[in-house]
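Here is the structure we will look at.
Each chain gets a letter, A, B and so on, in the order the sequences are listed, and its residues count up from 1. This structure is a prediction, so every number in the text was calculated from the model and none was measured. Scope of the values below: all heavy atoms of this structure, side chains included, with no hydrogens, waters or symmetry mates.
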Number of protein chains: 2
Amino acid sequence: MAVAVSSKSAVAIHALTMLARWDDKSLTSAEIADSLRSNPVLVRRILGSLRVAGLVWSTEGRNGGWSLARPAGEITLYDAYAALEEGPLLSSHPHPPSAECEVGRNMQRLLEVEFRDAERAMAQRLGQTTIADLVRQVLASERERARRAH
Amino acid sequence: MAVAVSSKSAVAIHALTMLARWDDKSLTSAEIADSLRSNPVLVRRILGSLRVAGLVWSTEGRNGGWSLARPAGEITLYDAYAALEEGPLLSSHPHPPSAECEVGRNMQRLLEVEFRDAERAMAQRLGQTTIADLVRQVLASERERARRAH
DNA sequence: TCTTACTGCAATCACTATGGTTACATTTAG
DNA sequence: CTAAATGTAACCATAGTGATTGCAGTAAGA
């Protein structure tokens with residue numbers, strides 16, 4: 001399986017990190033798609049959701065593009081995740097189980113609590129890292145890379 | 001979307017809870033499927049994975065069926081989850097990003113760390129609840145139910 | 001020994017989400 | 001007016017999921 005949740009969040013975080021890295025200018029969906037080795041439409045779809053969530057804004061027309069709507073230090077990975085992945089991560093039963101069964105008629109409710117708490121733990125961890133943290137790490141890696149290349 | 005990860009874990013936890021609730025006898029895949037409103041083959045597939053993980057065992061032939069391989073208090077929800085959902089829950093990029101881009105060539109590695117930690121937080125929460133806990137909650141609900149029905 | 005009731009497993013099907021792509025309308029700078 | 005960008009809708013191939021059928025193997029019990 002391993003299909004897990006889509007890679008949308010990864011794409012979004014990648015894009016946000018690019019916007020933060022070069023926050024003196026706006027980036028086009030083509031430029032971001034280029035770094036992702038994907039295509040501009042997909043990027044626009046995902047950035048569109050981020051815009052709805054208030055994380056980025058865009059300008060149309062020539063010289064248009066995308067920019068962060070808040071400081072990178074105030075955007076966490078959870079913000080990106082929450083803007084894209086709506087449903088519960090761990091899914092419960094496909095159908096409601098049988099109400100005839102002593103276990104069946106209680107299980108769904110119990111699982112919802114357990115799964116909700118588990119997702120909350122994950123969300124909390126994602127909320128601890130900001131886009132600014134990632135930019136710092138990228139820049140540090142690049143400095144190290146430059147040093148090694150001397 | 002909300003497709004999230006499959007409901008396999010939910011089915012497995014449901015089945016394990018049934019096996020623990022009636023641990024004086026073995027249950028057939030048909031009985032479990034009945035409670036799930038699903039079908040026996042699906043149950044056997046999932047319980048088969050749990051057997052590989054050492055959580056349950058089965059006997060073939062007439063009067064065959066399934067039983068827990070360890071005490072219910074020593075099986076956590078994480079055990080069930082880990083036996084079924086192999087890949088990472090949060091997936092990274094579909095393709096590797098461009099190595100030409102300063103952000104692209106670092107992002108994948110950074111995201112793996114973040115996502116791994118986030119999943120670890122979730123796993124840790126799932127590991128705090130055992131099947132025995134769920135059975136206790138089911139029995140408590142049933143007692144309450146009986147009281148209200150008087 | 002023969003029947004019955006199980007597991008084990010392969011194969012198939014309908015459905016859905018994803019990621020990728022084309023196409024085109026709209027907007028804006030120059 | 002043209003070029004360069006966003007905003008969308010539509011479509012496609014692929015893959016995973018859950019459901020189902022079919023059948024071989026196994027073991028208990030008449």
| task | Tell me whether the OP1 or OP2 atom of C:dT7 has a side-chain N or O from B:S29 closer than 4.0 Å. | result | yes
| message | Please report the distance, rounded to the nearest Å, between NZ in B:K8 and P in D:dA19. | response | 13 Å
| said: If I take atom CG in residue A:L84 and atom P in nucleotide C:dA17, what distance separates them, rounded to the nearest angstrom? | reply: 16 Å
| task | Going 5' to 3' through nucleotides 22-30 of chain D, assign each nucleotide B (protein heavy atom under 4.0 Å from a base atom), S (under 4.0 Å only from sugar-phosphate atoms) or - (no protein heavy atom that close). | result | ----BBBS-
| note | B:M107 and A:H14 have their tightest heavy-atom pair at CG-ND1, 3.7 Å
| task | May I ask you to evaluate whether B:S38 reaches the phosphate of D:dG18, defined as a side-chain N or O under 4.0 Å from OP1 or OP2? | result | no
| remark: Here the distance between atom P of C:dT7 and atom CG of B:L19, to the nearest Å, is 11 Å
| message | Between the base of C:dG20 and the side chain of A:R45, is one N or O donor paired with an acceptor at under 3.5 angstrom? | response | yes
| request: In whole angstrom, give the distance that lies between atom CG of A:N39 and atom P of D:dT8. | output: 17 Å
| So what does B:R37 hit on the nucleic acid, given a heavy-atom distance under 4.0 Å: a base, only sugar-phosphate, or nothing? | nothing
| remark: From CD1 of B:I46 across to C1' of C:dT7 the rounded distance in Å is 16 Å
| said: Taking only side-chain N and O atoms of A:S58, does any of them lie within less than 4.0 angstrom of OP1 or OP2 on D:dG7? | reply: yes
| task | Map B:W66 and B:P94 onto DNA chain C by nearest heavy atom, then report which one ends up closer to the 5' terminus. | result | B:W66
| Straight-line distance of A:E85 CD to A:S49 OG, nearest 0.5 Å | 10.0 Å
| note | Closest non-hydrogen contact found for B:W57 with B:R51 is CA-CG, 4.5 Å
| query | Can you check whether B:T130 reaches B:L77 side chain to side chain, under 4.5 Å on heavy atoms? | reply | no
| query | Going by distance alone, is a donor N or O of one side chain under 3.5 Å from an acceptor N or O of the other, for B:Q137 and A:N106? | reply | no
| request: Give a yes or no on whether A:Q124 atom CD has more than 12 heavy-atom contacts from other residues, nucleotides or ligands under 6.0 Å away. | output: no
| request: Rounded off to whole Å, could you give me the CG-to-C1' distance for the B:L27 and C:dT7 pair? | output: 14 Å
| query | So what does B:H95 hit on the nucleic acid, given a heavy-atom distance under 4.0 Å: a base, only sugar-phosphate, or nothing? | reply | sugar-phosphate
| query | Which atom pair, heavy atoms only, marks the closest approach of B:I75 to B:R70? | reply | CD1-O, 3.9 Å
| How close or far is atom P of C:dG19 from atom CG of A:L47, stated in whole angstroms? | 14 Å
| field | Short side-chain N/O contact to D:dG18 OP1/OP2 from B:S7, under 4.0 Å | value | yes
| request: Can you tell me the distance, in whole Å, between the CG atom of B:L50 and the C1' atom of C:dT7? | output: 15 Å
